[in-house]
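Keep in mind that the numbers below use all heavy atoms, side chains included, and drop hydrogens, waters and symmetry copies.
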Amino acid sequence: MADYLTKAGIAVLRYDDRHLKMNAKKAWQFTSQDFASDVQSTSEFLEDQSEIGNNKIGLIGHSEGGFIASIVGTQNPNIAFIISLAGPGVSGKTIAINQANDFNTSEIDKQYAIKAVEIVVNESDYKKRIKRLKQHLIKTYGWLNYFKNTRKRGLLSIAASNWNKQFCESNPQDYWKQITTAVLAINGDKDIQVKAHENLPVIEQALKQAENPNYKIKTIKNANHLFQINETIDMRDYNAMFKDYFDSK
């Protein structure tokens with residue numbers, strides 16, 4: 001995308017997240033608000049560049065990045081447009097519960113994940129959160145499976161993280177309904193991480209509340225969360241999608 005825009009004469013600034021190369025414990029302490037602060041800093045940097053038009057700086061964000069763009073859009077009046085790619089409109093808690101249902105096939109896994117979301121939302125202290133999540137994992141699967149299931153055990157610190165708690169408590173509508181600048185919101189109809197039919201109408205309604213006259217809402221047919229288009233592969237399996245693409249080349 002950056003290459004396409006650059007060739008079209010549009011300057012692009014890309015940067016790595018602040019937690020690049022950090023271990024998981026450190027990386028997941030940062031929240032969407034922290035990342036929004038980073039975006040604000042990059043916007044201010046661009047505003048200081050003589051070759052960049054101050055009234056033409058926009059934001060493109062994917063997934064959580066779409067949410068972050070809406071946060072910055074409420075803070076920086078110089079943002080000319082926002083493009084949200086697979087961005088959320090409903091609350092983080094709603095998204096987390098939907099993902100618990102859609103990404104797990106067994107009922108026990110679904111109920112485990114949904115209860116974990118409730119623990120994250122209701123417990124304010126990090127140490128107590130991770131302790132309660134560990135107890136929940138053991139109670140659900142037993143001590144033996146707790147030690148066997150390294151994947152779920154490894155995800156405990158992420159589930160208990162400040163980032164996850166803040167995201168589960170977030171409500172993107174609160175920001176979208178303040179946005180009056182130009183908006184393009186695009187989601188794929190096969191996206192099961194941020195479902196188009198649940199999130200796009202909420203974003204649109206919020207923009208109407210803001211009396212925003214300049215927005216477009218678009219659903220991409222057969223596109224998943226990464227906007228990969230393939231009707232034959234499970235949309236949860238991104239690696240298979242990449243393999244299928246490269247094999248075809």
Side-chain angles (χ1 to χ4, degrees), residues 17-19 22 24-40 59 61-76 82 84-104 109-137 140 152 154-179 183 185 187 191-207 209-210 225:
D17 288 338
R18 62 164 70 186
H19 54 54
M22 289 185 181
K25 186 174 183 180
K26 288 184 178 180
W28 293 96
Q29 68 178 307
F30 301 115
T31 69
S32 299
Q33 294 292 340
D34 294 319
F35 300 137
S37 176
D38 295 342
V39 174
Q40 176 63 15
L59 305 174
H62 175 260
S63 194
E64 182 192 2
F67 169 44
I68 291 168
S70 72
I71 296 174
V72 179
T74 66
Q75 299 170 348
N76 187 341
I82 293 172
S84 171
L85 303 174
V90 300
S91 70
K93 180 181 178 181
T94 299
I95 288 174
I97 290 175
N98 285 344
Q99 290 178 358
N101 281 309
D102 293 327
F103 276 85
N104 293 294
D109 287 342
K110 290 180 181 181
Q111 292 307 313
Y112 165 77
I114 292 170
K115 176 64 176 177
V117 173
E118 296 295 340
I119 292 172
V120 168
V121 170
N122 294 324
E123 182 53 70
S124 59
D125 182 78
Y126 170 77
K127 289 183 178 179
K128 290 181 180 178
R129 272 201 308 277
I130 199 163
K131 181 179 179 180
R132 289 182 60 188
L133 287 168
K134 178 180 177 180
Q135 291 171 339
H136 172 50
L137 180 58
T140 303
K152 278 189 169 59
L155 290 173
L156 285 177
S157 60
I158 297 175
S161 69
N162 291 332
W163 172 82
N164 192 41
K165 179 170 177 58
Q166 189 276 335
F167 183 76
C168 286
E169 293 177 338
S170 69
N171 191 350
Q173 297 175 67
D174 294 339
Y175 298 93
W176 286 117
K177 67 185 181 184
Q178 300 178 59
I179 301 296
V183 172
N187 291 59
D191 185 347
I192 59 174
Q193 281 189 246
V194 182
K195 296 180 179 179
H197 72 275
E198 292 182 351
N199 289 274
L200 288 180
V202 173
I203 293 175
E204 182 170 23
Q205 183 57 39
L207 293 171
Q209 283 184 259
H225 191 61

**Student:** Check each of Gln193, Lys110, Lys195 against Asp102 using the side-chain hydrogen bond (donor to acceptor under 3.5 Å, both in side chains) test, and report the only one that passes.
**Tutor:**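 Passing option: Lys195.
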**Student:** Say whether Ser32 and Glu64, considering side chains only, have a donor N or O and an acceptor N or O under 3.5 Å apart.
**Tutor:**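 A pair is found: one side chain offers a donor N or O, the other an acceptor, under 3.5 Å apart.
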**Student:** Can you tell me how far CG of Asn104 sits from CD of Gln111, rounded to the nearest 0.5 angstrom?
**Tutor:**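 Here the interatomic distance stands at 10.0 Å.
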**Student:** Between Thr31 and Gln33 (side chain of the first, backbone of the second, donor and acceptor by atom type, cut-off under 3.5 Å), is there such a pair?
**Tutor:**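 Indeed, once roles are kept as given, a pair shorter than 3.5 Å links the two residues.
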**Student:** Using every non-hydrogen atom in the two residues, find where Ala196 and Asn187 come nearest and quote the distance to one decimal.
**Tutor:**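 Smallest interatomic distance, heavy atoms only, reads CB-CB, 3.7 Å.
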**Student:** So, using side-chain hydrogen bond (donor to acceptor under 3.5 Å, both in side chains) as the criterion, who are the partners of Lys93 when residues are at least two apart?
**Tutor:**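 With neighbours one apart ignored, the set is Glu118.
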**Student:** Evaluate the side-chain proximity of Leu133 to Val120: yes if any heavy-atom separation is below 4.5 Å, no if none is.
**Tutor:**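 They are in contact (side-chain heavy atoms under 4.5 Å apart), so the answer is yes.
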**Student:** How far apart are the C-alpha atoms of Ile130 and Ser157, what are their side-chain angles, what is the distance that settles it, and do they pass the side-chain contact (heavy atoms from CB on, under 4.5 Å) test?
**Tutor:** CA-CA 7 Å; Ile130 199 163; Ser157 60; 4.3 Å; yes
**Student:** Just how far is it from atom CZ of Arg129 to atom CG of Asn122, taken to the nearest 0.5 Å?
**Tutor:**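 One gets 11.0 Å once the value is rounded to the nearest 0.5 Å.
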**Student:** Is it true that a side-chain atom of Asn164 and a backbone atom of Ala159 form a donor plus acceptor pair closer than 3.5 Å?
**Tutor:**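 Side chain of Asn164 to backbone of Ala159, a donor-acceptor pair under 3.5 Å: yes, one is there.
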**Student:** Does the side chain of His225 come within less than 4.5 Å of Val194's, by heavy atoms?
**Tutor:**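 Answer yes - side chains close enough.
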**Student:** Find the distance between CD1 (Ile71) and CG (Asn76) and round it off to the nearest 0.5 Å.
**Tutor:**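 Here the interatomic distance stands at 13.5 Å.
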**Student:** First locate atom CD of Gln29, then atom CZ of Arg18, and finally report the distance between them rounded to the nearest 0.5 Å.
**Tutor:**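 Result: 8.5 Å between the selected atoms.
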**Student:** How many angstroms lie between atom CG of Asn199 and atom CZ of Phe67, to the nearest 0.5 angstrom?
**Tutor:**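 Nearest 0.5 Å value for the CG-CZ distance: 12.0 Å.
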**Student:** Side chains of Asp109 and Lys152: does their closest heavy-atom pair fall under 4.5 Å?
**Tutor:**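 The answer is yes, as the side chains (C-beta and beyond) meet within the 4.5 Å cut-off.
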**Student:** Which pair of non-hydrogen atoms, one from Ala96 and one from Val117, has the smallest distance, and what is that distance?
**Tutor:**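 In this case the closest contact between Ala96 and Val117 is CB-CG2, 3.8 Å.
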**Student:** How close do Asp191 and Ala86 get, counting heavy atoms only, and between which atoms?
**Tutor:**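 Looks like OD2-CB, 3.8 Å.
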**Student:** Does the Lys165 side chain pair with the main chain of Val121, one donor and one acceptor, at a distance under 3.5 Å?
**Tutor:**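 Side chain of Lys165 to backbone of Val121, a donor-acceptor pair under 3.5 Å: yes, one is there.
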**Student:** So Glu123 and Lys128, salt bridge (charged side-chain N to carboxylate O under 4.0 Å, His left out) or not? Walk me through it.
**Tutor:** CA-CA 7 Å; Glu123 182 53 70; Lys128 290 181 180 178; 5.2 Å; no
**Student:** Can you list the residues that meet the side-chain contact (heavy atoms from CB on, under 4.5 Å) rule with Thr74, with sequence neighbours excluded?
**Tutor:**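 Expected list: Tyr175, Gln178, Ile179.
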**Student:** Roughly how far apart are Trp176 CH2 and Glu204 CD, rounded to 0.5 Å?
**Tutor:**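 CD of Glu204 is found 12.5 Å from CH2 of Trp176.
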**Student:** Quick one: do the Gln173 and Asn171 side chains pair a donor with an acceptor below 3.5 Å?
**Tutor:**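 Asn171 and Gln173 do have a side-chain donor-acceptor pair below 3.5 Å.
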**Student:** State whether the side chain of His136 and the backbone N or O of Lys115 hold a donor-acceptor pair below 3.5 Å, judged by distance alone.
**Tutor:**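 A pair under 3.5 Å: no.
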**Student:** For the residue pair Asn162 and Trp28, establish whether any side-chain heavy-atom pair is separated by less than 4.5 Å.
**Tutor:**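 A side-chain contact under 4.5 Å is absent here.
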**Student:** Taking ring pair (Phe, Tyr, Trp, His ring centres under 6.0 Å) as the definition, give me every residue that meets it alongside Phe167, ordered by chain and number, with sequence neighbours left out.
**Tutor:**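 Listed in chain order: Trp163.
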**Student:** Is any side-chain heavy atom of Lys177 closer than 4.5 Å to a side-chain heavy atom of Leu207?
**Tutor:**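 SC-SC contact between Lys177 and Leu207 ruled out.
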**Student:** Specify the closest pair of heavy atoms between Ser84 and Gly66, including all atoms of both residues, with the distance to one decimal.
**Tutor:**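 Looking at all heavy atoms of both residues, the closest pair is OG-CA, 3.8 Å.
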**Student:** Which heavy atom of Pro172 sits nearest to which heavy atom of Ser91, and what is that distance?
**Tutor:**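 That would be CD-CA, 4.1 Å.
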